[in-house]
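First comes the structure, then the notes that go with it.
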There are 2 protein chains.
Amino acid sequence: MSLRQLEYFVAVAEEGHVGRAARRCYVSQPPMSRQIRALEDELGASLFDRIPQGMKLSAAGQRFMGYARDVLAAADRAREALREDD
Amino acid sequence: MSLRQLEYFVAVAEEGHVGRAARRCYVSQPPMSRQIRALEDELGASLFDRIPQGMKLSAAGQRFMGYARDVLAAADRAREALREDD
DNA sequence: AGTGTTTACGGCGACCGTAAATATG
DNA sequence: CATATTTACGGTCGCCGTAAACACT
(Lines give C-alpha, C1' and ligand atoms only; values in the text may rest on other atoms or scores of the structure.)
Protein backbone atom coordinates (compact mmCIF):
# COMPACT_ATOMS: atom_id res chain seq x y z
CA MET A 1 0.00 0.00 0.00
CA SER A 2 1.53 3.26 -1.11
CA LEU A 3 0.47 6.87 -0.82
CA ARG A 4 0.23 7.00 -4.59
CA GLN A 5 -2.18 4.07 -4.62
CA LEU A 6 -4.36 5.86 -2.10
CA GLU A 7 -4.34 9.02 -4.22
CA TYR A 8 -5.33 7.00 -7.26
CA PHE A 9 -8.05 5.20 -5.32
CA VAL A 10 -9.61 8.47 -4.18
CA ALA A 11 -9.36 9.94 -7.68
CA VAL A 12 -11.10 6.96 -9.28
CA ALA A 13 -13.77 6.92 -6.59
CA GLU A 14 -14.48 10.62 -7.06
CA GLU A 15 -14.43 10.55 -10.85
CA GLY A 16 -16.13 7.22 -11.31
CA HIS A 17 -13.87 6.59 -14.31
CA VAL A 18 -10.33 5.31 -14.56
CA GLY A 19 -9.83 7.48 -17.62
CA ARG A 20 -10.84 10.77 -16.00
CA ALA A 21 -8.95 9.90 -12.82
CA ALA A 22 -5.86 9.17 -14.90
CA ARG A 23 -6.02 12.54 -16.66
CA ARG A 24 -6.53 14.25 -13.31
CA CYS A 25 -3.40 12.56 -11.95
CA TYR A 26 -1.36 13.20 -15.13
CA VAL A 27 -0.88 9.51 -15.86
CA SER A 28 -2.27 7.18 -18.52
CA GLN A 29 -5.03 4.67 -17.91
CA PRO A 30 -3.00 1.47 -17.68
CA PRO A 31 -0.84 2.53 -14.72
CA MET A 32 -3.94 3.83 -12.96
CA SER A 33 -5.81 0.59 -13.57
CA ARG A 34 -2.85 -1.52 -12.46
CA GLN A 35 -2.29 0.42 -9.26
CA ILE A 36 -5.94 0.07 -8.31
CA ARG A 37 -5.79 -3.65 -9.02
CA ALA A 38 -2.58 -4.02 -7.02
CA LEU A 39 -4.14 -2.21 -4.08
CA GLU A 40 -7.17 -4.48 -4.19
CA ASP A 41 -4.94 -7.55 -4.41
CA GLU A 42 -2.84 -6.48 -1.45
CA LEU A 43 -5.85 -5.62 0.69
CA GLY A 44 -7.66 -8.76 -0.37
CA ALA A 45 -10.85 -6.89 -1.13
CA SER A 46 -12.43 -5.52 -4.29
CA LEU A 47 -12.87 -1.80 -3.77
CA PHE A 48 -14.87 -1.11 -6.93
CA ASP A 49 -17.65 -2.68 -8.90
CA ARG A 50 -16.78 -2.61 -12.60
CA ILE A 51 -19.77 -1.35 -14.52
CA PRO A 52 -19.96 -0.51 -18.24
CA GLN A 53 -19.97 3.23 -17.51
CA GLY A 54 -16.86 3.07 -15.36
CA MET A 55 -16.19 2.10 -11.75
CA LYS A 56 -18.40 2.42 -8.72
CA LEU A 57 -17.30 2.06 -5.10
CA SER A 58 -18.14 -1.30 -3.58
CA ALA A 59 -19.31 -1.60 0.01
CA ALA A 60 -15.75 -2.33 1.09
CA GLY A 61 -14.55 0.60 -1.02
CA GLN A 62 -16.96 2.96 0.69
CA ARG A 63 -15.78 1.76 4.08
CA PHE A 64 -12.16 2.19 2.99
CA MET A 65 -12.58 5.70 1.58
CA GLY A 66 -12.66 7.57 4.86
CA TYR A 67 -9.51 5.86 6.06
CA ALA A 68 -7.71 6.53 2.79
CA ARG A 69 -8.53 10.23 3.04
CA ASP A 70 -7.28 10.24 6.62
CA VAL A 71 -3.91 8.86 5.52
CA LEU A 72 -3.55 11.43 2.74
CA ALA A 73 -4.57 14.27 5.05
CA ALA A 74 -2.06 13.12 7.66
CA ALA A 75 0.62 13.01 4.98
CA ASP A 76 -0.21 16.57 3.94
CA ARG A 77 0.00 17.73 7.54
CA ALA A 78 3.38 16.02 7.90
CA ARG A 79 4.72 17.84 4.85
CA GLU A 80 3.41 21.16 6.07
CA ALA A 81 4.85 20.63 9.52
CA LEU A 82 8.28 21.36 8.05
CA ARG A 83 7.25 24.38 6.05
CA GLU A 84 6.87 26.40 9.24
CA ASP A 85 10.54 27.32 9.18
CA ASP A 86 10.09 30.88 7.89
CA MET B 1 7.45 10.86 0.52
CA SER B 2 6.53 7.22 0.87
CA LEU B 3 5.15 5.13 3.70
CA ARG B 4 8.36 3.14 3.68
CA GLN B 5 10.41 6.30 4.16
CA LEU B 6 8.28 7.22 7.15
CA GLU B 7 8.76 3.75 8.63
CA TYR B 8 12.50 4.05 8.16
CA PHE B 9 12.50 7.53 9.65
CA VAL B 10 10.72 6.37 12.80
CA ALA B 11 13.00 3.34 13.09
CA VAL B 12 16.17 5.43 12.85
CA ALA B 13 14.82 7.98 15.30
CA GLU B 14 13.93 5.29 17.82
CA GLU B 15 17.15 3.32 17.43
CA GLY B 16 19.48 6.27 17.07
CA HIS B 17 21.52 4.21 14.59
CA VAL B 18 21.06 3.55 10.89
CA GLY B 19 22.58 0.12 11.38
CA ARG B 20 20.20 -1.03 14.11
CA ALA B 21 17.23 0.49 12.32
CA ALA B 22 18.25 -1.36 9.16
CA ARG B 23 18.39 -4.71 10.96
CA ARG B 24 15.04 -4.01 12.56
CA CYS B 25 13.52 -3.35 9.15
CA TYR B 26 15.24 -6.35 7.51
CA VAL B 27 17.23 -4.22 5.08
CA SER B 28 20.90 -3.30 4.80
CA GLN B 29 22.36 0.00 5.86
CA PRO B 30 22.81 1.66 2.45
CA PRO B 31 19.14 1.53 1.42
CA MET B 32 18.16 2.79 4.86
CA SER B 33 20.65 5.64 4.67
CA ARG B 34 19.58 6.55 1.14
CA GLN B 35 15.88 6.59 1.93
CA ILE B 36 16.46 8.87 4.90
CA ARG B 37 18.54 11.19 2.77
CA ALA B 38 15.92 11.16 0.00
CA LEU B 39 13.22 12.04 2.52
CA GLU B 40 15.27 14.93 3.85
CA ASP B 41 15.97 16.14 0.32
CA GLU B 42 12.32 16.05 -0.64
CA LEU B 43 11.17 17.80 2.51
CA GLY B 44 13.97 20.33 2.30
CA ALA B 45 14.94 19.86 5.93
CA SER B 46 17.58 17.83 7.73
CA LEU B 47 15.74 15.54 10.11
CA PHE B 48 18.80 14.20 11.92
CA ASP B 49 22.07 15.49 13.30
CA ARG B 50 24.86 13.11 12.30
CA ILE B 51 26.97 12.42 15.35
CA PRO B 52 29.84 9.93 15.68
CA GLN B 53 27.67 7.56 17.74
CA GLY B 54 24.88 7.53 15.17
CA MET B 55 22.00 9.84 14.37
CA LYS B 56 20.04 12.11 16.65
CA LEU B 57 16.77 13.83 15.81
CA SER B 58 17.16 17.47 14.86
CA ALA B 59 14.65 20.07 15.98
CA ALA B 60 12.82 19.70 12.68
CA GLY B 61 12.99 15.93 13.04
CA GLN B 62 11.39 16.09 16.45
CA ARG B 63 8.61 18.26 15.07
CA PHE B 64 8.13 15.86 12.17
CA MET B 65 8.04 12.70 14.29
CA GLY B 66 4.51 13.07 15.61
CA TYR B 67 3.13 13.66 12.14
CA ALA B 68 5.01 10.69 10.72
CA ARG B 69 3.56 8.42 13.38
CA ASP B 70 0.09 9.79 12.62
CA VAL B 71 0.45 8.84 8.96
CA LEU B 72 1.61 5.31 9.79
CA ALA B 73 -1.16 4.85 12.35
CA ALA B 74 -3.74 6.04 9.82
CA ALA B 75 -2.33 3.59 7.28
CA ASP B 76 -2.65 0.75 9.78
CA ARG B 77 -6.25 1.71 10.50
CA ALA B 78 -6.99 1.77 6.77
CA ARG B 79 -5.63 -1.75 6.35
CA GLU B 80 -7.59 -3.03 9.31
CA ALA B 81 -10.78 -1.40 8.09
CA LEU B 82 -11.02 -4.12 5.45
CA ARG B 83 -10.22 -7.01 7.76
CA GLU B 84 -13.63 -6.67 9.39
CA ASP B 85 -15.19 -8.87 6.72
CA ASP B 86 -15.55 -11.98 8.90
C1' DA C 1 41.92 0.00 14.67
C1' DG C 2 36.96 0.26 15.52
C1' DT C 3 32.43 2.09 15.10
C1' DG C 4 29.53 4.56 12.53
C1' DT C 5 27.58 6.62 7.85
C1' DT C 6 27.90 7.24 3.03
C1' DT C 7 29.16 6.54 -2.01
C1' DA C 8 30.18 3.34 -6.23
C1' DC C 9 28.45 0.10 -8.90
C1' DG C 10 26.47 -4.04 -11.04
C1' DG C 11 22.04 -6.36 -11.42
C1' DC C 12 17.27 -7.14 -10.74
C1' DG C 13 12.55 -5.67 -10.33
C1' DA C 14 8.89 -2.03 -10.64
C1' DC C 15 6.60 1.04 -13.43
C1' DC C 16 5.40 3.85 -17.41
C1' DG C 17 3.37 4.47 -22.14
C1' DT C 18 1.85 2.72 -26.78
C1' DA C 19 -0.81 -0.50 -28.76
C1' DA C 20 -3.73 -4.47 -28.87
C1' DA C 21 -7.31 -7.17 -26.67
C1' DT C 22 -11.67 -7.71 -24.04
C1' DA C 23 -16.29 -6.52 -22.52
C1' DT C 24 -20.69 -4.19 -22.59
C1' DG C 25 -24.65 -1.25 -24.65
C1' DC D 1 -19.28 0.54 -33.30
C1' DA D 2 -18.42 3.56 -29.30
C1' DT D 3 -16.83 3.67 -24.68
C1' DA D 4 -14.92 1.64 -20.99
C1' DT D 5 -11.21 -1.38 -18.62
C1' DT D 6 -7.55 -4.51 -18.94
C1' DT D 7 -3.45 -7.17 -20.78
C1' DA D 8 1.02 -7.47 -23.72
C1' DC D 9 5.22 -5.76 -24.27
C1' DG D 10 9.45 -3.09 -24.86
C1' DG D 11 12.24 0.38 -22.40
C1' DT D 12 13.53 3.15 -18.62
C1' DC D 13 14.15 4.29 -13.90
C1' DG D 14 14.54 3.10 -9.08
C1' DC D 15 16.21 0.35 -5.55
C1' DC D 16 18.65 -3.41 -3.42
C1' DG D 17 23.04 -5.55 -1.70
C1' DT D 18 28.23 -6.13 -1.73
C1' DA D 19 32.16 -3.73 -1.36
C1' DA D 20 34.85 0.26 -0.88
C1' DA D 21 35.42 4.89 0.95
C1' DC D 22 35.00 8.39 4.44
C1' DA D 23 34.63 10.52 9.31
C1' DC D 24 35.47 10.47 14.05
C1' DT D 25 37.70 8.67 18.65
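Here is how names work: the chains are called A, B, and so on, in the same order as the sequence lines, proteins then strands, and each is numbered from 1.
Applying the side-chain hydrogen bond (donor to acceptor under 3.5 Å, both in side chains) rule to B/Glu7 yields no partners; only residues at least two apart in sequence or on another chain are considered. Under the rule for a side-chain hydrogen bond (donor to acceptor under 3.5 Å, both in side chains), the partners of A/Arg79 that lie at least two apart in sequence or sit in another chain are A/Asp76. With sequence neighbours left out, B/Phe48 forms a ring-ring contact (aromatic ring centres under 6.0 Å, His included) with B/Phe9.
Taking only side-chain nitrogens and oxygens, B/Gln29 never comes nearer than 4.0 Å to OP1 or OP2 of D/dC16. Between B/Arg4 and the phosphate of C/dA14, there is no side-chain N or O to OP1/OP2 separation shorter than 4.0 Å.
We find that CD of B/Glu40 is positioned 13 Å from P of C/dT5, with the value rounded to whole Å. A/Leu39 places its CG atom 17 Å from the C1' atom of D/dT5, with the value rounded to the nearest Å. Whole-Å rounding puts the A/Met32 CE to D/dT7 C1' distance at 17 Å. Between A/Asp41 atom CG and D/dT6 atom P there is a gap of 11 Å when expressed in whole angstrom units.
Looking at residues 10-25 of chain B, you'll see B/His17, B/Val18, B/Gly19 sit with a heavy atom under 4.0 Å from some atom of DNA chain C. Of the residues in residues 46-59 of chain A, those with a non-hydrogen atom less than 4.0 angstrom from any atom of DNA chain D are A/Arg50, A/Pro52, A/Gln53, A/Gly54.
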Check nucleotides 7-11 of chain C for protein N or O atoms closer than 3.5 Å to its own N or O atoms and list the pairs.
none

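Residue pairs meeting the side-chain hydrogen bond (donor to acceptor under 3.5 Å, both in side chains) criterion with at least one partner in residues 40-49 of chain B, sequence neighbours excluded, are B/Glu40-B/Arg50. Sequence neighbours left out, the pairs with a member in residues 24-33 of chain B that pass side-chain hydrogen bond (donor to acceptor under 3.5 Å, both in side chains) are B/Glu14-B/Arg24, B/Glu15-B/Arg24.
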